[in-house]
Undergrad: 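After the structure tokens below, expect a handful of questions from me.
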Amino acid sequence: TIRIGREMLCLPYAGFFLHISCLNRRLQAVRQLRVEWRLVTCDVLEAVVRHPTLRTLDLSLTDLSTVGPDLPARLAHSVEDLDMWNTELTTRQLEAVLNAATTSSTLRKLNLGNNNLSLVEPGLLARAVNRLEKVDIRHTLLTKEQVEAILSHSLVQTSLKTLVMGRVSGTVEQDLV
């Protein structure tokens, strides 16, 4: 089944196969897309990147670990709201998405929750997070250094309105909290 709302298309995980041309021709008015597949092909993601009106993309629970790092980065450049919760992103993919977030003129909201951010360079994470309006990085194994970098950067420059973080490995400086 495909559920099409006024501006949203939901593709459930029921063995449904989306013909790529659908995203390019018939569904050009769709502004929100939720992919409910555990595995998604690069062709579908390429079509999503090229979609002219897509603003919100929810890839939660989709295994992206086998996709090259450039594709998640291009997704970050192409939408305003990107949900990549529990997508099994590698460190290289996460770094590519965060680098894209530092330069994207469209991305405003990013959910990287339930992905392992512990090996991401703290400065990169801080720059990306503080450039966005809403960020969810719960359950990402954040280090003390990463949290301190995010909070320190927010004292200098930030666009953040909402930041959701979970547990931290270590004790964060109280002056920053």
Undergrad: Identify the heavy atoms of Ala101 and Leu107 that sit nearest to each other, and give their distance.
TA: CB-CD2, 3.9 Å
Undergrad: Do Arg74 side-chain atoms and Asp70 backbone N/O form a donor-acceptor pair below 3.5 Å?
TA: no
Undergrad: Strictly distance-based, threshold 3.5 Å: is any side-chain N or O of Thr102 a donor or acceptor partner for the main-chain N or O of Asn99?
TA: yes
Undergrad: Heavy atoms only: give me the nearest Gln146-Leu142 pair and the separation to one decimal.
TA: OE1-CA, 3.3 Å
Undergrad: Between Glu133 (side chain) and Thr162 (backbone), is there a donor-acceptor pair under 3.5 Å?
TA: no
Undergrad: So, using side-chain hydrogen bond (donor to acceptor under 3.5 Å, both in side chains) as the criterion, who are the partners of Ser78 when residues are at least two apart?
TA: none
Undergrad: Measure from the side-chain N and O atoms of Gln93 to the backbone N and O of Leu71, and report whether any donor-acceptor pair falls under 3.5 Å.
TA: no
Undergrad: Can a donor-acceptor pair be found, under 3.5 Å and without considering hydrogens, that links the side chain of Asn115 to the backbone of Glu88?
TA: yes
Undergrad: Between Asn130 (side chain) and Ile150 (backbone), is there a donor-acceptor pair under 3.5 Å?
TA: yes
Undergrad: Between Ser152 (side chain only) and Glu148 (backbone N and O only), is there a donor and an acceptor less than 3.5 Å apart?
TA: yes
Undergrad: Ser154: what forms a side-chain hydrogen bond (donor to acceptor under 3.5 Å, both in side chains) with it, not counting sequence neighbours?
TA: none
Undergrad: How close do Pro69 and Ala96 get, heavy atom to heavy atom, and via which atoms?
TA: O-CB, 3.3 Å
Undergrad: Identify, with sequence neighbours excluded, every residue that meets side-chain hydrogen bond (donor to acceptor under 3.5 Å, both in side chains) alongside Asp136.
TA: Arg138
